[in-house]
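One is the number of the first residue; the rest follow in order along the sequence.
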Amino acid sequence: PDAVKAFSAASDLAPSDPRPHQFLGEMYGVAPDLAGEVTKRLARFLKAQPRDALGHYHYAMSLWKGERTGEPASLKQVEALLRRAGVLDPKLTGAHLELGILLSEQQRFDEAIAVLARATQLEPSHAQAHYRLAQVYQRTGKKELAAQEFAIFERLKGR
């Protein structure tokens, strides 16, 4: 909580500086009581820096997984933010991975496969991306592809 407060103060001093916001963006689950404050600052940063891919990504994650207000995040907004992050920085693996997870949870499996496959191409050593892709393949009856991805996951997990 002290780190969240310190980075929040830094954010207040420099609302368009990406550095404190990158740290805040990684802390959405660290201090649940301060999640609303983190989300508010990430939204403000995104207004100041609308072309910042990590800003879109972190704001999406904060809305989706950080807020504990009882109000569910707008999944359409989260999806739009993750998609925008991937457009602004096509090599941002996290945006592709999280978008794939979101699409999978919505049972939009064909879209999820494409996005998760992109995440594994961008970062072949990302075990979770292979695991999530394997799960979607399995749910869509693509057992051979699922087995291949699970094998990659197991190999990477052992490292």
About how many Å separate [atom2] of [Y] and [atom1] of [X], when rounded to the nearest 0.5 Å?
{"X": "Ile113", "Y": "Leu145", "atom1": "CD1", "atom2": "CG", "result": "8.0 Å"}
{"X": "Arg44", "Y": "Leu42", "atom1": "CZ", "atom2": "CG", "result": "9.5 Å"}
{"X": "His56", "Y": "Asp89", "atom1": "NE2", "atom2": "CG", "result": "11.5 Å"}
{"X": "Met61", "Y": "Leu102", "atom1": "CE", "atom2": "CG", "result": "9.5 Å"}
{"X": "Glu37", "Y": "Ser62", "atom1": "CD", "atom2": "OG", "result": "11.0 Å"}
{"X": "Gln148", "Y": "Glu144", "atom1": "CD", "atom2": "CD", "result": "5.5 Å"}

Same cluster or not: [X] versus [Y], using hydrophobic residues (I, L, V, M, F, W, Y) connected whenever any side-chain heavy atoms lie under 4.5 Å apart?
{"X": "Trp64", "Y": "Leu97", "answer": "yes"}
{"X": "Leu75", "Y": "Leu103", "answer": "yes"}
{"X": "Tyr57", "Y": "Leu88", "answer": "no"}
{"X": "Leu81", "Y": "Phe45", "answer": "no"}

Tell me, do Ser8 and Leu24 make a side-chain contact under 4.5 Å, heavy atoms counted? yes

Residue pairs passing the salt bridge (charged side-chain N to carboxylate O under 4.0 Å, His left out) test where at least one lies in residues 13-27, sequence neighbours excluded: Asp17-Arg19

In a table with atom names and distances, give each donor-acceptor pair under 3.5 Å that connects a side chain of residues 47-55 to protein atoms at least two apart or in another chain.
from  : atom 1 : to    : atom 2 : distance (Å)
Gln49 : NE2    : Ser16 : O      : 3.3
Asp52 : OD1    : Leu54 : N      : 3.1
Asp52 : OD1    : Gly55 : N      : 2.6

Considering all heavy atoms, the nearest [X]-[Y] contact:
{"X": "Val38", "Y": "Val4", "result": "CG2-CG1, 3.6 Å"}
{"X": "His21", "Y": "Arg41", "result": "CD2-O, 3.7 Å"}
{"X": "Glu98", "Y": "Leu82", "result": "C-CD1, 3.9 Å"}
{"X": "Tyr59", "Y": "Leu46", "result": "CD2-CD2, 3.7 Å"}
{"X": "Ala85", "Y": "Ala95", "result": "CB-CB, 3.9 Å"}
{"X": "Val78", "Y": "Leu63", "result": "CG2-CB, 4.1 Å"}

For Ser104, enumerate each residue passing the side-chain hydrogen bond (donor to acceptor under 3.5 Å, both in side chains) test, keeping only those at least two apart in sequence or located in another chain. Arg139

Mind checking what makes side chain to side chain contact (heavy atoms under 4.5 Å, CB included) contact with Leu122, not counting sequence neighbours? Lys91, Thr93, His96, Arg118

Report, as yes or no, whether the 6.0 Å neighbourhood of atom CD on Glu105 holds more than 12 heavy atoms from other residues, nucleotides or ligands. yes

Taking everything shown except Phe109 itself, do over 12 heavy atoms lie less than 6.0 Å from its CZ? yes

Run the ring pair (Phe, Tyr, Trp, His ring centres under 6.0 Å) test against Tyr131 and tell me which residues pass, sequence neighbours left out. Phe150, Phe153

Check whether Arg132 reaches the backbone of Ile101 with its side chain - one donor and one acceptor, N or O, closer than 3.5 Å. no

Only counting residues at least two apart or in another chain, list the ones meeting salt bridge (Lys or Arg N to Asp or Glu O under 4.0 Å) with Glu149. none

Charged N to carboxylate O below 4.0 Å: is that the case for Lys76 and Glu79? no

